[in-house]
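Below: one structure, written as structure tokens.
Quick caveat, the model's predicted, so the values are computed rather than measured.
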Amino acid sequence: MLLAQERFESSMTLHGITALFSVSSELDPGFLPLEAWTRAFLIQADQPLAIVIRRDNEQRYVYHTKIISANTAASCFYIERMVKFLLWAAGGYEVTICGSEEVYRYIHELYRIGGKRGFDAEFMASVYRQPFAVLHLPYSATPAMQEHPVPLQRSFSGYRIGFDAGGSDRKVSAVIDGEVVFSEEVVWHPKEESNPDYHYREIVAALKKAASAMPRVDGIGISSAGIYVDNQTMVASLFLRVSAADFEAVVKDIYINTAAEIGDVPLYVANDGDVTAFAGAMELGEGKVLGIAMGTSLAAGYIDGEGNITGRLNELAFAPVDCKETGAIDEWSGDTGCGVKYLSQDAVVLLADRAAIPLPQGTAAEKLTHVQQLLAKDDRQAEAVFCGIGCYLGHSLAFYRRIYELDHVLLLGRVMSGKAGTIILDEARRVLDTDYPDLSKDILLHLPSEQSRRLGQSVAAAALPRIE
């Protein structure tokens, strides 16, 4: 709950709701944190409503909230942002609005194929191989939450292979009862290859190399960027140039089939963000861990309080964090205010431009390196860039906690490297301490330790399959 107004220095009004907060971005003074606006909205909310997101295997994520019966515009905006966030955090092909018919009609129009949020609808339909739908129920008929988290052993017992499919290199490890007996990192170019046979051969070669280092293989764990359901590839940038027909014929079951060439053993394929969070949970010895990697994009993964992977998408790159109507535009979906433009290399480039920092020609990664080099020379404007990202992060984490049971946040990625990471971390903590003191002691922020870095994605992935 918001404290006395005197504590706040900034105020912004949207749809008749005035958000109050103190820590804003020097380089983005119009930034309107979704959490600050949501808190102000909920103070006036008086009518219950629930959002149900249905995904594979009849799983349902259910979010109970309230709307303002006397402010339709604010209520529609709030529920639309929540639907958008929940779709990309939990994932699903069916949205049910339990409550207001007026809000339901608004969401139904937006998220129809061809509607303003048609991209999101089409994407989710392709992931879950189901037609996308928006339905309505009375609030009294709201179904119960139903998820099937996957219990993980947090154990390296037995003879295991862990494979990490990165965008520029692939890593594989052979692990016997927790001891790494073989590890290899090989440069590859999966995003440039249109023939899926290339990917298949490379994966098999890595798995066979690791298998040759052990007398047998008891299980295989895979860490890979993208979205995976029941070990099947649904969407993955690694196969960017592969045709739709070849994707369906080869890529969809590529990890299932390559693992089968090693043997009939337990297999678990997980998003690389979830594997990062899993590694952090093992190191911390606790659950409720959100792993966030700020690099080319914004990647995330989550481990629940029981140490399980939940099966949610956790694609926070496309989840909103800024209410500003003129916020940064995600070129992919056409939406504004999404995390990828606030917590990635894109954010560094955008803020550096506002800081009037001359940037070299080249990739966003090269521009990030340039700004970090300026920071190493104590450049004031470069420091402001990373303070701005820390501001975004702190406000975003406060909102993330509405969706995730969250005690620990593990921060990774090239944006967090070196002095920049320290500045971002300190500013995020200042935001939590200043604007969300009710949360600041409950959200612990961590940079990866040397032990975590040595562990690596491939070794952590080896612990994924459950071996009986």
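The ring of H15 has its center no closer than 6.0 angstrom to the ring center of Y78. Aromatic pair Y302/Y404: centroids less than 6.0 angstrom apart. Taking the six-membered ring wherever Trp is involved, the centroid distance between the rings of F123 and W88 falls below 6.0 Å.
Residues that satisfy the side-chain hydrogen bond (donor to acceptor under 3.5 Å, both in side chains) test with N231, not counting sequence neighbours, are absent from this structure. Remark: E383 engages no residue in a salt bridge (charged side-chain N to carboxylate O under 4.0 Å, His left out) (not counting sequence neighbours). For L240, there are no side chain to side chain contact (heavy atoms under 4.5 Å, CB included) partners, not counting sequence neighbours.
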- Steps toward salt bridge (charged side-chain N to carboxylate O under 4.0 Å, His left out) verdict (E192, R241): CA-CA 6 Å; E192 305 301 320; R241 296 189 181 278; 3.6 Å; yes
Exercise. Show the numbers, then the answer: is there a side chain to side chain donor-acceptor pair (under 3.5 Å) between D304 and T310?
Key: CA-CA 7 Å; D304 70 13; T310 62; over 6 Å; no
* To do: Take R117 and E109, measure what side-chain contact (heavy atoms from CB on, under 4.5 Å) needs, and give me the verdict at the end.
  => CA-CA 9 Å; R117 297 286 172 259; E109 176 63 20; over 6 Å; no
Check your understanding: Do Y342 and D322 pass the side chain to side chain donor-acceptor pair (under 3.5 Å) test, and can you show the C-alpha distance, the side-chain angles, and the key distance before you say yes or no?
Key -> CA-CA 9 Å; Y342 296 78; D322 183 9; 2.7 Å; yes
TODO: Determine, stepwise, if the pair W37 / F77 fulfils side-chain contact (heavy atoms from CB on, under 4.5 Å).
DONE: CA-CA 11 Å; W37 189 89; F77 175 81; 3.6 Å; yes
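Side chain to side chain, T13 and T18 meet the donor-acceptor criterion of an N or O pair below 3.5 Å. Of the N and O atoms on the side chains of D272 and S223, not one donor lies less than 3.5 Å from an acceptor on the other residue. Side-chain polar atoms of E286 and H408 form a donor-acceptor pair below 3.5 angstrom. Using modelled atom types and a 3.5 Å distance limit, the side chains of Y228 and S224 yield a donor-acceptor pair.
With respect to E102 and R105, no salt bridge is recorded, no charged nitrogen being found less than 4.0 Å from a carboxylate O. Ion pairing between D438 and R401 fails under the 4.0 Å rule for side-chain N and carboxylate O.
Between K288 atom NZ and L444 atom CG the span is 12.0 Å, to the nearest 0.5 Å. Here the CD-CD distance, from Q361 to E366, works out to 10.0 Å after rounding to the nearest 0.5 Å. Here the OG atom belonging to S396 is positioned 9.5 Å from the CG atom belonging to L316, to the nearest 0.5 angstrom. Here the straight-line distance linking atom CD1 of I51 with atom CD1 of I107 works out to 7.5 Å at 0.5 Å rounding. In this structure, S297 OG and D330 CG are separated by 8.5 Å, a value rounded to the nearest 0.5 Å. The distance from the OG1 atom of T96 to the NE2 atom of H136 is 9.5 Å, given to the nearest 0.5 Å.
For T233 (side chain) and V251 (main-chain N/O), a donor-acceptor pair under 3.5 Å exists by modelled atom type. A donor-acceptor contact shorter than 3.5 Å is absent between the side chain of E185 and the backbone of D169. The closest donor-acceptor contact from the side chain of N314 to the backbone of G273 lies at 3.5 Å or more, if one exists at all. Between the side chain of Q381 and the backbone N or O of A355 there is at least one donor-acceptor pair closer than 3.5 Å. At least one donor-acceptor pair closer than 3.5 Å links the side chain of Y61 to the backbone N or O of I403. In this structure, D435 contributes its side chain and F21 its backbone to no donor-acceptor pair below 3.5 Å. The main-chain N or O of V23 is found under 3.5 Å from a side-chain atom of H395 such that the two form a donor-acceptor pair. Side chain of Q59 to main chain of D56: a donor-acceptor pair is present (N/O by atom type, distance under 3.5 Å, no hydrogens or angles).
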Would you mind writing out the side-chain donor-acceptor pairs for residues 369-377 within the sub-3.5 Å range, not counting sequence neighbours?
{"residue": "T369", "atom": "OG1", "partner": "A365", "partner atom": "O", "Å": "3.1"}
{"residue": "T369", "atom": "OG1", "partner": "R414", "partner atom": "NH2", "Å": "3.2"}
{"residue": "H370", "atom": "NE2", "partner": "P358", "partner atom": "O", "Å": "3.2"}
{"residue": "Q372", "atom": "NE2", "partner": "R414", "partner atom": "O", "Å": "3.1"}
{"residue": "Q372", "atom": "NE2", "partner": "S417", "partner atom": "OG", "Å": "3.3"}

Could you pull out all donor-acceptor pairs under 3.5 Å where a side-chain atom in residues 27-34 meets a protein atom, sequence neighbours excluded?
{"residue": "D28", "atom": "OD1", "partner": "K324", "partner atom": "NZ", "Å": "2.7"}
{"residue": "D28", "atom": "OD2", "partner": "Y392", "partner atom": "OH", "Å": "2.7"}

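Remark: E325 CD is loosely packed, at most 12 non-hydrogen atoms of other residues, nucleotides or ligands lying under 6.0 Å away. Atom CD of Q146 has more than 12 neighbouring heavy atoms from other residues, nucleotides or ligands inside a 6.0 Å radius. Surrounding CD1 of I329 are at most 12 heavy atoms belonging to other residues, nucleotides or ligands under 6.0 Å away.
Side-chain atoms of E80 and L110, non-hydrogen and from C-beta on, do get closer than 4.5 Å to each other. Put simply, the side chain of T422 reaches to within 4.5 Å of the side chain of D426, judged on heavy atoms. Contact annotation: the side chain of I424 approaches that of M416 to within less than 4.5 Å [non-hydrogen atoms, C-beta and beyond]. The closest side-chain heavy-atom distance from I423 to K419 is below 4.5 Å. The shortest side-chain heavy-atom distance between V321 and F399 does not fall under the 4.5 Å cut-off. With contacts defined as side-chain heavy-atom distances shorter than 4.5 Å, the pair L464/I309 qualifies. When side chains are defined from C-beta on, T276 counts as touching L410, because their heavy atoms get closer than 4.5 Å. Counting heavy atoms from C-beta on, the side chains of P143 and C98 come closer than 4.5 Å.
Shown are K341, K116, R81; of these, the salt bridge (charged side-chain N to carboxylate O under 4.0 Å, His left out) with D335 is made only by R81.
Ring geometry for Y139 versus H64: interplanar angle over 60°, hence perpendicular rather than tilted (30 to 60°). Using cut-offs of 30° and 60° on the angle between ring planes, the pair F239 and Y255 is perpendicular.
Heavy-atom minimum distance, I67 versus S75: CB-OG, 3.5 Å. The shortest non-hydrogen separation linking I292 to L397 is CD1-CD2, 3.9 Å. Among all heavy-atom pairs drawn from F85 and P320, the shortest one is CD1-O, 3.5 Å. Minimum interatomic distance between S100 and L49 (heavy atoms only, all atoms of both residues): N-CD1, 3.9 Å. Contact detail for G394 and Y436: the closest heavy-atom pair is O-CE1, 4.4 Å. For the pair A125 and F132, the tightest heavy-atom approach, listed with the atom from each and the gap, is CB-N, 4.1 Å.
Identified under the salt bridge (Lys or Arg N to Asp or Glu O under 4.0 Å) test for residues 88-100, with sequence neighbours left out: R54-E94.
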